[in-house]
Structures are given as C-alpha cells and as structure tokens.
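Notes follow once the structure below has been shown.
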2 protein chains.
Amino acid sequence: MVAIMTQVTTSKKAALPSERRAHLIQLAGDLFAEKGFRATTVREIADAAGILSGSLYHHFDSKESIGDEILSAFLDDVLVGYRAAVSETDDPRAAIESIVRSSAATLNRHRAALAMLENDWSYFSGQPRFAYLRKAMKEIEKTWVRQLERGKETGQFRADLDARLTYRLLRDILWIPTFWRQGQGSGWNSDQIADGLLRLLFDGITTHP
Amino acid sequence: MVAIMTQVTTSKKAALPSERRAHLIQLAGDLFAEKGFRATTVREIADAAGILSGSLYHHFDSKESIGDEILSAFLDDVLVGYRAAVSETDDPRAAIESIVRSSAATLNRHRAALAMLENDWSYFSGQPRFAYLRKAMKEIEKTWVRQLERGKETGQFRADLDARLTYRLLRDILWIPTFWRQGQGSGWNSDQIADGLLRLLFDGITTHP
DNA sequence: CCCGACCGAGCAAGCGATTGGGCAACCGCG
DNA sequence: CGCGGTTGCCCAATCGCTTGCTCGGTCGGG
C-alpha cells in the first residue's frame with residue numbers, strides 16, 4: 001500500500017495532459033509496438049488519428065518526445081511496483097512472487113514501451129536524452145539480484161544458482177507474453193500467465209515424488 | 001543421424017552462392033539484428049561492405065530478397081534439427097532435451113533471422129512472399145506440443161500443464177539468450193545457457209527435499 | 001576480350017519537421 | 001444578451017533530406 005512517488009525520469013517540458021493528447025500517445029504506442037519506433041512514420045501516426053502529420057506538432061514538439069513520454073511513464077510505473085514489492089516483505093520467495101505479479105500487471109499496461117525497448121534499444125540508449133533508461137534498468141537488475149541472492153542465503157533457492165543469469169532469464173521471460181497480445185487476445189490473461197510462470201519457476205515442468 | 005533433406009521454403013531464384021555474396025548477407029544480417037529490417041537502409045549495408053549502395057543490386061535484386069535468404073536458411077535449419085530430435089528417441093523428456101539442445105545450437109548460428117522474426121514479424125508475415133514463415137512456425141509448434149502432451153500421458157510431466165502455453169513460454173525463453181550476444185560476449189556460452197535452462201525447466205529454482 | 005564486380009549519378013517517392021492560417025468553442029465584460 | 005478576444009485543434013503547403021532502386025559506364029583478372 002505504499003505509494004512511492006519518486007519520479008525517476010526527467011521530463012523537460014510541462015506537457016500538460018489533455019484527453020486528446022493521451023489518445024494520440026496510445027495510438028502512436030500501438031504503432032511503435034507493431035513496427036518499431038524508427039520504422040514508424042509520423043504520417044502513419046497521424047493517419048491512425050485521422051489528422052494530418054503536421055497537426056501532430058501542435059501536441060508534441062517531435063516524434064522523439066512521444067517516445068520519451070511512453071518510455072518514462074513505463075519505467076516510473078515499474079520502479080514504483082518493484083519498490084513496493086520488496087518493502088512489504090522480508091521473505092525472498094514472497095518478494096520474487098510479488099515482483100513477478102507486479103511486473104505482469106504493469107507490463108500489461110505498457111506493451112508499447114516494452115516493444116520499443118526491445119526493438120530500438122540501440123537507438124534510444126545511445127542518445128543523452130534517454131540516459132534515464134540505463135539508470136532505471138540498473139535499479140531493476142539490482143532489485144532482482146538482491147532477492148535471488150538472499151534466497152540463496154536462506155536456503156530457499158538452489159545454491160548453485162547464478163543470480164545474474166537467472167535474473168536475465170526471468171526478466172526476459174516475464175516480458176515475453178506481453179507481445180502475444182499483438183494479434184488478438186491469445187486466450188490467456190495476465191493472471192493465468194503469472195501463475196503458469198510462477199509454477200514453472202518454483203517447480204519446473206516435471207512431476208516430483 | 002538421420003539427415004532429412006526436405007527443403008521447406010521456396011526460394012524462387014537459383015541465387016548461386018559466391019563467397020562475396022555470403023559475406024554481404026552476413027553483414028546485412030548483423031545490421032538487421034541490431035536495428036530491425038525496416039529501419040536498416042541499403043546504404044548502411046553497402047557502407048558496412050565498403051561499396052556503394054547501387055552495387056548491392058549486382059548481387060541481390062531487392063532488399064527483401066536479402067531478408068528472404070536469411071529467414072529461409074534459418075527455418076530450414078531449425079526444422080532439420082527438430083525432425084532429427086524427435087526421430088531419435090521415444091522418450092518425451094529426452095526428446096524435449098534434444099529439441100532444446102538443437103535449438104540452442106541452431107539459434108546461435110542465426111541471430112539475425114531471430115531478431116528479424118521478433119522485430120519485423122508483422123511486416124514479413126503480411127507478404128505472400130514470406131508465407132512459408134507461418135507454415136514453418138506451425139510445424140515448430142506442433143513438434144513441441146506433441147512431445148509435451150506425450151510427456152503428460154506417460155506421467156513424466158505435470159498433468160495440469162497447458163501444453164500450448166508451455167510451448168510458447170519455452171520457445172520464446174530459448175530465443176532470449178540469443179540477443180544477449182548483441183553487445184559483446186556476455187560471459188555465457190550456448191552450452192551453459194542450455195544447461196541452465198534445462199535445469200530450470202525440470203527442477204525450478206527452489207531446493208527440493 | 002570478356003565478364004563479374006563496382007562506381008557515379010540520379011530518379012521518384014516518401015521522410016521528419018515547420019509554418020501560417022482558419023475555424024469553432026469558450027471566456028469575461030459591458 | 002452580445003460582442004471581442006482567447007484558446008485548442010487542425011489543415012494546407014512546403015522545406016531539405018533520405019529512401020529503395022536504376023542504369024550506363026569503368027576497371028582488372030582470367
């Protein structure tokens with residue numbers, strides 16, 4: 001229940017939120033998720049909104065600023081969820097489970113941002129404007145690794161677990177099902193996926209004696 | 001040991017293989033993997049090869065045909081490996097393990113194709129020229145699901161396992177580490193990754209009594 | 001002397017971005 | 001009520017540049 005309000009990213013402009021504006025971001029995000037940020041043109045975004053490309057610049061000052069808002073909003077959400085997850089328990093396994101469920105819920109609301117990070121990471125991470133990306137990613141990694149290491153110390157997780165390797169696997173595994181929604185609802189909701197994943201995580205796929 | 005030589009994809013032109021040509025495909029694939037197919041320009045490919053963009057069209061008749069060769073070669077390789085894996089054993093668990101190891105080896109040789117499938121799937125799958133993509137994906141799914149179902153029947157895998165959901169998770173999980181090599185060697189080789197994954201798969205991350 | 005490999009120049013189309021202006025809805029003020 | 005001004009939203013037109021691709025010509029090894 002702890003709502004930590006620390007804003008990580010630095011949004012330069014005020015960017016007052018209007019209804020129309022939010023809708024445009026939504027539309028742009030869908031296109032970015034489907035085709036990648038670089039491969040999406042402002043004309044396509046405008047077409048989806050039913051306006052001309054020039055009209056977009058009444059709401060945003062560049063195509064990059066649209067991407068900026070999508071990405072920063074996502075990372076803020078993720079970090080808020082992670083901080084809450086680790087602060088509400090001392091048990092590593094419970095923390096991991098909480099992190100997984102928090103992620104599943106958050107990712108569901110930010111498909112576009114995730115796709116952009118995967119497809120156009122090299123593009124964004126190279127620009128000074130998006131320096132906050134690397135910073136946020138570091139905190140995410142730190143959060144995961146710490147809980148995994150603590151789980152090893154308490155004997156709940158296997159001692160031979162490579163924490164960093166496991167983190168990379170788990171994080172990326174969590175991100176996967178987000179893309180399945182692209183075509184249409186593929187039959188699984190985020191709870192089902194989180195459950196299946198946790199089951200796989202803790203028990204594997206085999207039957208145990 | 002059964003080398004099944006059925007070619008799945010339909011490459012329209014002969015496309016006689018020259019050394020230079022293969023090198024160009026390699027260079028183009030690296031760029032496609034890094035930035036996506038649509039976001040990569042023919043001029044960038046030519047620059048990487050040290051020639052002018054127009055000279056590329058001496059070797060290929062379009063940018064798409066470069067992508068075509070990369071993708072079809074990859075899928076042919078995967079299917080050959082899968083067919084061999086399921087034909088060499090009757091034990092579902094052994095088959096799964098064989099599929100995993102075959103995948104890890106094949107994927108390592110086709111990073112570019114994998115990245116293209118992830119980033120630009122909507123672009124390729126929409127074109128008639130790339131219809132073989134959907135066909136190959138169907139066979140891949142069928143192979144996985146069949147072994148998982150058989151494992152449930154023999155009691156080796158959990159009876160409550162959703163075969164299709166598990167397949168989607170496992171397949172995509174297998175694909176993940178391929179991208180880690182993008183930046184530099186991240187410290188893990190394909191054997192380590194396959195082992196870590198199989199361990200996770202069969203046992204989970206927790207300690208068992 | 002041929003021929004595969006490449007150059008150099010350029011095409012039409014499309015790109016991101018910018019500008020100036022129009023149009024309706026709303027505001028406070030008389 | 002009605003009027004002048006403001007604001008939010010969008011169009012039309014255009015800029016300088018990049019895109020995938022074409023094509024006649026050049027060069028060097030076999």
Side-chain angles (χ1 to χ4, degrees), chain A residues 12-32 34-71 116 119-120 122-124 126-127 129-130, chain B residues 12-32 34-71 112 116 119-120 122-124 126-130:
Chain A
K12 33 198 291 187
K13 255 186 181 173
L16 66 157
S18 91
E19 191 128 350
R20 179 65 168 152
R21 187 188 161 87
H23 184 225
L24 291 175
I25 292 182
Q26 167 75 25
L27 288 176
D30 289 344
L31 289 172
F32 292 158
E34 203 178 333
K35 324 181 37 181
F37 179 80
R38 276 172 294 190
T40 302
T41 72
V42 295
R43 263 171 259 261
E44 287 170 333
I45 302 173
D47 278 353
I51 60 179
L52 293 188
S53 67
S55 307
L56 278 178
Y57 289 83
H58 172 72
H59 303 274
F60 313 96
D61 45 60
S62 76
K63 178 182 162 187
E64 275 181 11
S65 74
I66 304 179
D68 197 337
E69 287 193 39
I70 293 177
L71 289 178
M116 289 163 68
N119 293 336
D120 305 291
S122 66
Y123 174 76
F124 290 119
Q127 297 179 240
R129 172 175 194 168
F130 294 97
Chain B
K12 31 197 291 189
K13 256 186 181 174
L16 67 156
S18 89
E19 191 127 351
R20 179 63 169 153
R21 188 188 160 86
H23 183 227
L24 291 176
I25 292 182
Q26 166 74 26
L27 289 175
D30 289 344
L31 289 172
F32 292 158
E34 202 179 330
K35 322 181 40 181
F37 179 81
R38 278 173 292 191
T40 302
T41 71
V42 294
R43 261 169 261 262
E44 286 171 333
I45 301 173
D47 280 353
I51 61 178
L52 292 189
S53 68
S55 307
L56 276 179
Y57 289 82
H58 173 71
H59 303 275
F60 312 95
D61 45 61
S62 75
K63 178 183 167 188
E64 276 183 12
S65 74
I66 304 179
D68 198 336
E69 287 193 40
I70 293 177
L71 289 176
M116 289 163 68
N119 293 336
D120 305 290
S122 66
Y123 174 75
F124 290 119
Q127 297 180 240
R129 172 175 193 168
F130 294 96

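- Partners of B/F130 according to the ring-ring contact (aromatic ring centres under 6.0 Å, His included) rule, which considers only residues two or more places apart in sequence or in another chain, are B/F124.
- Closest non-hydrogen pair, B/K63 versus B/T40, comes out as NZ-O, 2.7 Å.
- Across the protein-nucleic acid pair, B/L56 atom CG and C/dG4 atom C1' stand 15 Å apart, rounded to whole Å.
- Distance, B/F60 CZ to C/dA5 P: 11 Å, rounded to whole Å.
- In this entry the distance linking OH of B/Y57 with P of D/dG24 reads 17 Å, nearest Å.
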Can you list, pair by pair, the side-chain donor-acceptor contacts under 3.5 Å of residues 44-59 of chain B, counting residues two or more places apart and other chains?
residue : atom : partner : partner atom : Å
B/E44   : OE1  : B/K35   : NZ           : 3.1
B/E44   : OE1  : B/T41   : N            : 3.0
B/E44   : OE2  : B/K35   : NZ           : 2.5

Using nucleotides 28-30 of chain D, report all nitrogen or oxygen pairs with the protein that are shorter than 3.5 Å.
none

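- Every residue two or more places apart in sequence or in another chain was checked for a side-chain hydrogen bond (donor to acceptor under 3.5 Å, both in side chains) with B/N119, and none qualifies.
- Across all non-hydrogen atoms, the minimal contact from A/M116 to A/G67 is CE-CA, 3.6 Å.
- Looking only at side-chain heavy atoms (C-beta outward), A/D120 and A/F32 stay at 4.5 Å or farther from each other.
- Atom-to-atom, CD1 of A/I45 to C1' of C/dC15 comes out at 13 Å; the value is rounded to the nearest Å.
- To the nearest angstrom, P of D/dG20 lies 17 Å from CG of B/D68.
- Minimum interatomic distance between B/R38 and A/A39 (heavy atoms only, all atoms of both residues): CB-CB, 3.7 Å.
- Residues B/S62 and B/R129 come closest through the heavy atom pair OG-NH1, 3.9 Å.
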Letter per nucleotide, 5' to 3', of nucleotides 9-19 of chain D [B base touched, S only sugar-phosphate touched, - untouched; heavy atoms, 4.0 Å]: BBBB------B
